Amino acid sequence: MNEKFLKPYDPKETEDRIYKLWEKSGFFNPDNLPEKDKGYFSIVLPPPNVTGTLHLGHALEDSIQDLAVRYKRMKGFKTLWLPGTDHAAIATQAKVEKEIQKKEGKSRYDLGREEMLRRVKEFAQQSHDTIVSQVRKMGASLDWSREAFTLDERRNLAVKTAFKSMYDAGLIYRGNRIVNWDPKGQTTISDDEIVYEERKAKLYTFKYSKDFPIYISTTRPETKVGDVAVAVHPEDERYEKFIGQEFDAEFCGVAIHIKIIADKEVDKEFGTGALGVTPAHSMTDWEIADRHDLPRPQVINEYAKMTVGDERLLNKKTTEAREVIVNWLRSEGLLEKEEEISQNVATAERTGGIIEPLPKLQWFIAVNKPIKERGGKTLKDLMREPVEKGEIKIIPDRFEKVYYHWIENLRDWCISRQIWYGHQIPVWYRSASLTTDQKKEICCDINSPEGEGWEQDSDTLDTWFSSGLWTFSTLGWPEKTGDLKNYHPTSLINPGYEILFFWVARMILMSQFLLGEIPFKTVFLHGILRDKNGKKFSKSSGNNIDPVEIIEKYGADALRMSLISGTGMGNDSNFDENKVKGYKNFANKIWNITRFILENTDLEDFSSLKDAGPLSKEFEDMANDMTSDMENYRFHLAAEKIYQYIWHRFADEILEDSKKVIKEGDDNSKKEVKKSLAYIWINCVKMLHPFMPFVTEEIWSMLPQKRNNLLMIEEWPF
RNA sequence: GCACUCUUAGCUCAGCUGGUUAGAGCGUGCGAUUCACAUUCGCAAGGUCAUAGGUUCGAAUCCUAUAGGGUGCACCA
C-alpha cells in the first residue's frame with residue numbers, strides 16, 4: 001500500500017499533479033477519446049469577461065459544467081467542453097479608463113485610440129491569464145486546444161460575416177432614432193444594459209405661459225424647451241375641448257410651438273393628466289411624435305449640455321439648466337406646485353452614468369421585420385419558436401415564460417457603440433462626413449472595399465453581438481468545419497439566469513438566422529451565488545472571494561461539492577465556508593475508506609469483480625437513482641445521494657459490519673465480504689468522480705487494477 | 001401595475017411526478033476511543049412544513065386567498 005495513505009489526504013500535493021496528468025492524456029480533446037459510438041456531447045463555456053478575475057459564482061458554473069461533462073464522457077460520448085473568454089467591450093474599456101483616470105489623471109481622448117487600445121489589450125491579456133489558471137485550478141476538463149476569444153481573428157471573421165449577412169437581408173439598418181446615450185461612457189447602450197435606480201425626485205407642475213390652458217407636470221423642466229406638444233388622453237373630459245388647438249410661447253427665452261393632441265399612451269391619473277411631449281429626449285415621446293408627425297428639436301447634446309436658449313441656458317449642464325428654468329417659472333408665476341416623488345432613474349450598467357435619451361444615427365437590428373428567406377417570419381419569431389416547439393428546453397421551465405415576455409417587449413436592438421475596444425463595424429463610407437450626410441456611398445463587406453477614399457465606420461459593436469455567435473463561431477463558422485457538423489447544435493448551455501436575455505436570447509437569434517438551426521438543445525440556468533449574508537458578490541462591496549483562495553485552503557473537490565449539493569435548481573444560494581470544510585473532511589473520509597479497503601482486502605484485481613453479493617440490489621438501486629438524477633439535471637440530489645451512501649451507509653455500517661467477518665469469519669465468507677467491499681468501492685469512486693475529480697482520480701491510480709486507464713474515461717456504472 | 005419566486009429544526013438549505021413515524025450539513029447536549037479516519041464514532045434534544053380555507057382515502061407537495069422577503073418586466077411625463 002502506498003504510504004501516502006498513512007497521512008490525511010492532501011489536495012495541495014495532489015491537484016496540480018492530477019490536472020497535468022489529465023492534460024497530458026489528451027482526453028479533454030474529444031478527438032482523442034476512445035470510439036464508443038454513443039454520439040456527441042458538447043458545451044461551450046460561457047466566456048468569462050476579461051474585466052478581472054473570477055469569483056465564486058464562476059466556480060459554481062465551472063463545477064456544474066465539469067460535472068455534466070465528466071459524466072457524459074464516462075458515459076462514452078465524444079465530449080467537448082470548449083473554453084474561451086469574452087472581451088466584454090464596454091465593461092473592459094470602462095474598467096481600464098477608470099484606472100487610468102485614477103492613476104494618471106488622463107482620459108481615453110488624452111491617450112488616443114491606438115494607445116488606449118494597447119492598454120486595454122494589455123489588461124485583457126493579464127485578466128485572461130489569471131482566469132485560465134483559475135479555471136484549471138477548479139479541475140475543469142476543458143479542451144484548451146480549442147480555446148477561443150470573442151475578439152480574436154477567427155471570431156472577427158465570424159462577426160463580419162454575420163453582420164454582412166444580416167445587412168444584406170435588410171435586418172441591420174442605420175437609422176436616426178432615439179437611443180440610450182450614456183454621457184459618462186460617451187456611448188449608446190442597449191435597453192438591456194440599463195439599470196433602473198429608485199431615487200427621490202421633484203415633480204414640478206406648471207404651464208408654458210400665462211395664456212396656456214393646461215398645466216403639465218415634469219421632473220425635468222430643462223427638457224421642456226424642446227416640447228412640441230401636449231398630449232392628453234382621448235377620453236379625458238377635462239381637456240377634450242382643447243384638442244387640436246395650437247399655441248406659441250416664449251419659454252425661458254426659447255420660442256416654442258405647442259399643439260394639443262390626444263394619445264392613448266397618456267395616463268389620466270399621473271400628474272395633471274397632461275403630458276408635455278419632448279420627442280428628442282424621451283422614448284415614449286419619440287413614439288408619440290411618430291404617431292402624430294411632430295417635429296423633434298434636439299435641445300441637449302452628448303455631454304448633457306443645453307444646445308438652445310440665450311446665455312441663461314446655452315451650454316449649461318442639464319442640472320444647472322433645471323434650476324434656471326424652475327426659477328424662471330417661479331418668477332413668472334407659472335409654477336403651480338412642486339412635490340417629492342420617487343422615480344426610477346435609468347443608469348448605465350457599466351459606468352453608472354445617468355442615461356440621456358437622444359436622437360442619434362446608429363446601427364440597429366430590426367426584430368419585427370419580416371424576413372423573405374424565412375417565409376416572412378421575424379427575428380422575434382425565430383427566437384420564440386424553437387422554445388415553443390420544445391426544440392430548446394429551458395430548465396427550470398418557469399424561465400420560459402420570462403423569456404416570452406421579454407420577446408414581447410423587445411424593441412430594435414441598437415448594436416453600435418462609440419467605444420474603441422471591440423469589433424469595428426464592417427462598413428465603409430466614401431465621403432468626408434461620417435455623421436451627417438446619409439446620401440454618401442456606403443459599403444458593407446468582410447474586407448475594405450477597393451478604391452480610394454473609403455473610410456471605415458469608427459463605431460464598434462455591442463459585445464453581445466459577438467457573444468451571440470459563440471456556439472458556432474467557436475466551432476469554426478463561417479467555415480464548414482467538422483466540428484460544426486459534429487458539435488452543433490451544442491447539447492447544453494449553463495449560464496446564470498441573469499443573462500437569459502443578454503446572451504441566451506441573442507444566441508438563439510443569431511444561430512436561428514445565420515445557421516437556420518438552434519444553438520443548443522437544453523438551457524440549464526443556475527442561480528446566483530451570494531455571500532454568507534445573502535449579498536451579491538461584487539468588487540465594490542468588497543466581499544469578493546477568489547476561488548483559488550478557497551481551493552488552497554480546502555481543495556477544489558471540497559469547493560465543487562459544496563457548491564453543488566444542497567442547492568435547488570435555478571435557486572440562488574449563499575456561500576458557506578463551513579460547508580466547504582465539511583466536504584474537505586469528506587475527501588479525507590474517502591481517502592481513509594480506501595486505506596481500509598487496501599489494508600483489508602488482499603485482492604489482486606478489482607476490475608474483474610461483478611457484484612456485491614447480498615448488498616448488490618441495495619447498491620444498484622442507489623446507483624440507478626443517482627444516475628437518473630444525473631440525467632435529469634438534479635445534480636444537487638445526486639451529490640447528496642452518493643455522499644450519504646458513502647459516508648453513512650457504506651463506511652458507517654457496511655464497512656463496520658465487515659470488520660467482524662474479516663476478523664472472525666471463515667475463509668469463504670471473508671472472501672465474499674472482501675469482494676463486495678471492493679466492488680462497491682470502485683463503483684463509488686467512479687460515481688463520485690464527476691463531483692470530486694481530483695481525489696477520486698488519485699485513489700483510482702492506487703487501486704489494484706489490470707487495466708491502466710485514467711478514471712476520467714472509465715465507464716459509468718450500470 | 002403585470003409576472004415569477006421564496007417562507008420547512010437554533011442557522012443554511014434539500015424534499016423530483018401528492019403516499020408509511022418530514023431529511024441533510026453546521027450548531028447544541030451526553031457518551032466512546034490502542035480498531036481506516038479526532039478531518040473520527042455512537043446516542044439524543046430540536047419542526048402544528050408562514051397563515052386561513054379548499055380538493056383528496058391521504059397535502060410540506062395541488063388549488064384559492066392573505067401576510068412578509070426577494071427578483072424580473074413595464075410605467076417612470
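In what follows, chains carry the letters A, B, and so on, assigned in the order in which the sequence lines appear, proteins first and then strands, with residues in each chain numbered from 1. If you're wondering where the values come from, they're calculated on a predicted model, not measured in any experiment.
The side chain of Lys584(A) lies closest to rU39(B), out of rA74(B), rU39(B), rA3(B). The side chain of Tyr643(A) approaches rG25(B) more closely than any other nucleotide in the set rA14(B), rG25(B), rC37(B). Here the nucleotide nearest the side chain of Asn409(A), chosen from rA36(B), rA74(B), rU12(B), is rA74(B).
Close to rC35(B), at under 4.0 Å from its OP1 or OP2, lies no side-chain N or O of Lys659(A). Phosphate contact (OP1/OP2 of rU12(B), side-chain N/O of Asn533(A), threshold under 4.0 Å): absent. Under 4.0 angstrom from either OP1 or OP2 of rU39(B) there lies no side-chain N or O belonging to Lys553(A). Within the structure, a side-chain polar atom (N or O) of Thr284(A) is placed less than 4.0 Å from OP1 or OP2 of rC76(B). One finds a side-chain N or O of His648(A) lying less than 4.0 angstrom from the OP1 or OP2 phosphate oxygen of rG25(B). Between Asn585(A) and rU40(B) there is a side-chain N or O to OP1 or OP2 distance below 4.0 Å.
Rounded to whole Å, the distance from CG on Asp572(A) to C1' on rU7(B) is 15 Å. Remark: C1' of rA24(B) and CD of Glu640(A) are 5 Å apart, rounded to the nearest angstrom. Across the protein-nucleic acid pair, Arg199(A) atom CZ and rC75(B) atom P stand 18 Å apart, rounded to whole Å. The separation between Ile194(A) atom CD1 and rC73(B) atom P is 11 Å, rounded to whole Å. Look at CD1 on Ile646(A): it is 16 Å from C1' on rG25(B), rounded to the nearest Å. The interatomic distance linking Arg398(A) (CZ) with rU5(B) (P) rounds to 6 Å, in whole Å. Rounded to whole angstrom, the span from the CD atom of Glu631(A) across to the P atom of rU17(B) amounts to 18 Å. rG70(B) atom C1' lies 15 Å from atom CD of Glu498(A), rounded to whole Å.
Nearest-nucleotide mapping onto RNA chain B: of Asn578(A) and Arg411(A), the residue sitting toward the 5' end is Asn578(A). Each of Trp647(A) and Asp629(A) was matched to the nucleotide of RNA chain B holding its nearest heavy atom; the match closer to the 5' end belongs to Asp629(A).
Partner assigned to rU28(B) is rA44(B), using Watson-Crick or G-U wobble distances below 3.5 angstrom. Taking a pair to require two hydrogen-bonding distances under 3.5 Å in either a Watson-Crick or a G-U wobble arrangement, rC35(B) remains unpaired. The pairing partner recorded for rU64(B) is rA52(B), the criterion being a Watson-Crick or G-U wobble arrangement whose two distances lie under 3.5 angstrom. Nucleotide rU71(B) has rA3(B) as its partner under the Watson-Crick or G-U criteria, with both atom distances under 3.5 Å. Base pairing of rU17(B) is not made with any nucleotide, judged by Watson-Crick or G-U wobble geometry with both donor-acceptor distances under 3.5 Å.
Distance noted for atom C1' between rU21(B) and rG47(B): 14 Å (whole Å). Nucleotides rU71(B) and rG31(B) place their C1' atoms 48 Å apart, quoted to the nearest Å. Only the P atoms considered, rG27(B) is 15 Å distant from rU12(B), to the nearest whole Å. Spacing between rG70(B) and rC62(B) at atom C1', rounded to whole Å, works out to 24 Å. Of the C1' atoms belonging to rA14(B) and rG25(B), the separation is 10 Å, rounded to the nearest Å. When the P atom is compared between rC41(B) and rC35(B), the two are found 15 Å apart, to the nearest whole Å. The P atoms of rA45(B) and rU61(B) are separated by 26 Å, rounded to the nearest whole Å. Comparing rA3(B) with rA74(B), their P atoms sit 16 Å apart, to the nearest whole Å.
As judged by a 4.0 angstrom heavy-atom cut-off over every strand, Thr219(A) is placed among residues touching the sugar-phosphate backbone only. Among the heavy atoms of the strands, none lies under 4.0 Å from His281(A). When heavy atoms are screened at a 4.0 angstrom cut-off, Gly568(A) is found touching the sugar-phosphate backbone but no base atom. Residue-level contact check: Val266(A) touches the bases, meaning some heavy atom is under 4.0 Å from a base atom. Residue-level contact check: Asp267(A) touches the bases, meaning some heavy atom is under 4.0 Å from a base atom. Asn344(A) comes within 4.0 angstrom of a nucleotide base, judged by non-hydrogen atoms across all strands. Among the protein residues, Gly271(A) comes within range of no part of the nucleic acid, since none of its heavy atoms lies under 4.0 Å from any strand. Counting non-hydrogen atoms under 4.0 angstrom, Glu408(A) reaches nothing in the nucleic acid. Residue-level contact check: Ile216(A) touches neither bases nor backbone, having no heavy atom under 4.0 Å from any strand. Asp285(A) comes within contact range of no nucleotide atom at all, as no heavy-atom separation falls under 4.0 Å. Within 4.0 Å of Tyr196(A), counting heavy atoms only, lies at least one base atom of the nucleic acid. Base contact: Asn588(A) has a heavy atom under 4.0 Å from a base atom. Lys579(A) comes within contact range of no nucleotide atom at all, as no heavy-atom separation falls under 4.0 Å. Using a 4.0 Å heavy-atom cutoff across all strands shown, Leu637(A) reaches sugar-phosphate atoms only and no base atom.
In summary, the aromatic rings of Tyr497(A) and Phe399(A) are positioned with their centroids under 6.0 Å apart. Aromatic rings from Tyr583(A) and Tyr643(A) are positioned such that their centres are separated by under 6.0 Å. For Phe606(A) and Tyr679(A), the ring centers are positioned 6.0 Å apart or more.
Counting atom types as modelled, Glu656(A) pairs a side-chain N or O with a base atom of rA36(B) as donor and acceptor under 3.5 Å.
In this structure, Arg177(A) fails the cation-pi test against Trp286(A), since its NZ or CZ atom is not both closer than 6.0 Å to the six-membered ring centre and inside 45 degrees of the ring normal.
A salt bridge is absent between Asp10(A) and Lys12(A); no separation between the charged side-chain nitrogens and carboxylate oxygens falls under 4.0 Å. Taking the charged nitrogens against the carboxylate oxygens, Arg330(A) and Glu338(A) do have a contact shorter than 4.0 Å, which makes a salt bridge.
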- request: I would like to know whether Phe206(A) and Tyr215(A) meet ring-ring contact (aromatic ring centres under 6.0 Å, His included); could you show each step before the answer?
  value: CA-CA 5 Å; Phe206(A) 66 92; Tyr215(A) 280 97; 8.4 Å; no
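Under the side-chain contact (heavy atoms from CB on, under 4.5 Å) test applied with Leu275(A), the options Ile261(A), Ile288(A), Val230(A), Asp263(A) reduce to a single match, Ile288(A).
Atom OG1 in Thr205(A) sits 9.0 Å away from atom CD1 in Ile216(A) (nearest 0.5 Å).
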